[in-house]
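Below is one structure; the comments refer to it alone.
Residues take their numbers from the sequence shown, with the count starting at 1. Since we're looking at a predicted model, the values are computed, not measured. Counting convention: from 1, in listed order, for ligands and their atoms alike.
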Amino acid sequence: MSTTLTGAPVSPGRAAGPAVTMPAPVPEPRTSRLSTTEVDGAVERLGLAARAVRDELTERAAAATGTAADLLAVTAAMAADPALTADAERRIRVDRLTPERAIWDASRGMARQLEKIGPPLSERARDLRDVRDRIVAELIGVRPPGVPRPDHPFVLVGDDLAPADTATLDPAVVLGIVTSGGGPTSHTAILARALGIPAVVAVRGAADIDDGETILLDGGAGVVVRDPDPATAAAAQQREATRRAFDGSGRTADGTRVELLANVADPAGAQAAIEAGAEGVGLFRTEFSFLGRGAEPAVSEQVAAYRRVLSAFGGRKVVVRTLDAGADKPLPFVTADGEPNPALGVRGIRTADRRPGVLDRQLQAIAAATEAENAHVWVMAPMISTAGETADFVAACARHGLNTAGVMIEVPAAALRAESIFAHAAFGSLGTNDLIQYTMASDRMLGELAGLQSPWQPAVLDLVRLACEGAAVHDRPVGVCGEAAADATLAPVLVGLGVRSLSMTPRALADVAAVLQRVDLDRCRELADLALGSDDPIAARRAVRDAIRPVLTDLGL
Ligand code: PEP
Ligand code: MG
């Protein structure tokens, strides 16, 4: 019998297939002693396990490309490192530890040494722990950590996915994602959307889904069906054959221009944006090139990374965001471990006080990349809270010849005081993911609070309106680059509130463009009033959907 579970819809599309659950974390082995007769066998088992892990990782490295291949090759080399196994072997022989406990303790010692040396070697401590977990899993006969790799397409089910897990997902085999944790603006959600994998997060009851059972998910509606009827499952398995196209120029029915841009983090994303017809880039998340790095990349390396994205957009606008490190995107060379509340801590532009050189060198690299390419580069800072921070950032950009400097509006204070912020900033970009988190006091990583984390929250829409009004005083343009920009029903509301560019995952461009083309600016303003007049996000969305029902039905949205 079918059962239906509900969650937060984060990446549209329907999919059905067998569930594959994420393995539980590898448990720390207990310290128990072997008898002397067991020692030789234990040493042999350790060697076999380490070789099995090395061979598996080497095989995966050969099949992978780019960063994933490099990471896997490094991890494979660690599994084969004689220093690690020799230390573990000594612990088996001298202390008579089980092989799983011996490798656990040996890797702990080595990881500490690496961490003491500092970057870039300290970065390897995490890889070492991964190797340790894989060897222990092999020894005790449990599934290794990370996304499983069965030889058939599947729906991935888990508590939540680490950014590194999500980044290596292959959309050809991962039909859909269902998680019990994670919110609609978590990075799992953002990456699933970018990869075009249907996903529902914060699903109550997802933890009960068993490996192998058939599940159907609708990432647009936020519904997961266990044991669906076979005809419905078969229909969902037919992947969307035809997709709407975007002609590369966003406008409302009366011709008001609304630039439709893409969010990108790397050259592959830039390519996807070009193919989808994006008018440019509204958010280039530079920190993604440096995730997992223990040391600041050299200016020359940064220039090369930025040029790879800028080169795809000759003659077009690219909004480069300076490093947004911290909270869900820690970068060890600018953020500190152990802050009690990292989302409210030293993140985004605030790291520039602690390490001013990092911002300065990044601006130097952006300026050099701008000089070398033909894109129209705008620069913006994340997590701006005050007019003073804005003035400092704009001045720092000007020192590097970067004259179109703006700010992310993602802290409520910045929206409330927009008029004073836009006295300095050339433009603003609403980061609705964080704006929602901070307005609703609701951690964007926490699935349990998904209900609060809607861009349709009237309080959030009030702040969008205030930001646009403050910018209008100085005739400055405001866009949206948070996930809200990809919601085709919300797009006319945002335009009605004064937003004039929307930046989103490339896959959403065509649907957003299609809705805007059918609604004129006056109607957008009426829709904004309807949403603002509602008491809660569900009522706001329903009122707007009802008002433009024929358009949505016509477009199959
Ligand atoms: C946002 O907060 O909406 C945003 C676009 O930035 P990020 O998701 O990278 O924090
Ligand atoms: Mg943000």
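- Put simply, part of Arg321 is less than 4.0 Å from ligand 1, judged by heavy atoms.
- Looking at Glu287 next to ligand 1, no N or O pair under 3.5 Å apart turns up.
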side-chain contact (heavy atoms from CB on, under 4.5 Å) between Arg500 and Glu259, intermediate numbers included: CA-CA 6 Å; Arg500 287 296 174 271; Glu259 271 183 309; over 6 Å; no

Below 3.5 Å, can you tabulate the donor-acceptor pairs from side chains in residues 408-430 to any protein atom, sequence neighbours excluded?
| unit_1 | atom_1 | unit_2 | atom_2 | d |
| --- | --- | --- | --- | --- |
| Glu410 | OE2 | Met383 | N | 2.8 |
| Ser420 | OG | Arg417 | O | 2.9 |

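- Contact of the Leu497 side chain with the Leu532 side chain is registered, since non-hydrogen atoms from C-beta on lie closer than 4.5 Å.
- Judged as a salt bridge (Lys or Arg N to Asp or Glu O under 4.0 Å), and not counting sequence neighbours, the contacts of Arg361 are Glu296.
- The two residues Leu502 and Ala491 come nearest to each other via the heavy atoms CD1-CB, 3.9 Å.
- The Mg ion (ligand 2) has Glu410 OE1, Asp434 OD2 as its protein N, O or S neighbours under 2.8 Å.
- Proximity of Asp324 to ligand 1, defined as any heavy-atom pair under 4.0 Å, is confined to the side chain (atoms from C-beta onward).
- The CD atom of Glu339 lies 9.5 Å from the CG atom of Leu344; values are rounded to the nearest 0.5 Å.
- Applying the 4.0 Å criterion to heavy atoms of Gly431 picks out, from ligand 1, the atoms 1 (C), 2 (O), 3 (O).
- Interface of Gly482 with ligand 1, defined as ligand atoms under 4.0 Å from a residue heavy atom, comprises 3 (O), 5 (C).
- With sequence neighbours excluded, the residues satisfying side chain to side chain contact (heavy atoms under 4.5 Å, CB included) with Asp360 are His400.
- By the criterion of a heavy-atom distance under 4.0 Å, the side chain of Leu283, and not its backbone, is placed next to ligand 1.
- Heavy-atom contacts of Glu410 reach the following atoms of ligand 1: 1 (C), 2 (O), 6 (O) (cutoff under 4.0 Å).
- For the atom pair Phe290 CZ and Leu323 CG, the distance stands at 6.5 Å (nearest 0.5 Å).
- The part of Arg444 lying near ligand 1 is the side chain, judged by heavy-atom distances below 4.0 Å.
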From CA spacing to verdict: side-chain contact (heavy atoms from CB on, under 4.5 Å), Ser442, Ile436: CA-CA 8 Å; Ser442 144; Ile436 296 166; 5.9 Å; no

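- Ligand-side atoms of ligand 1 in range of Met408: 4 (C), 5 (C), 6 (O), range being under 4.0 angstrom from any heavy atom.
- One finds the CG atom of Leu402 at 14.0 Å from the CE atom of Met380 (value rounded to the nearest 0.5 Å).
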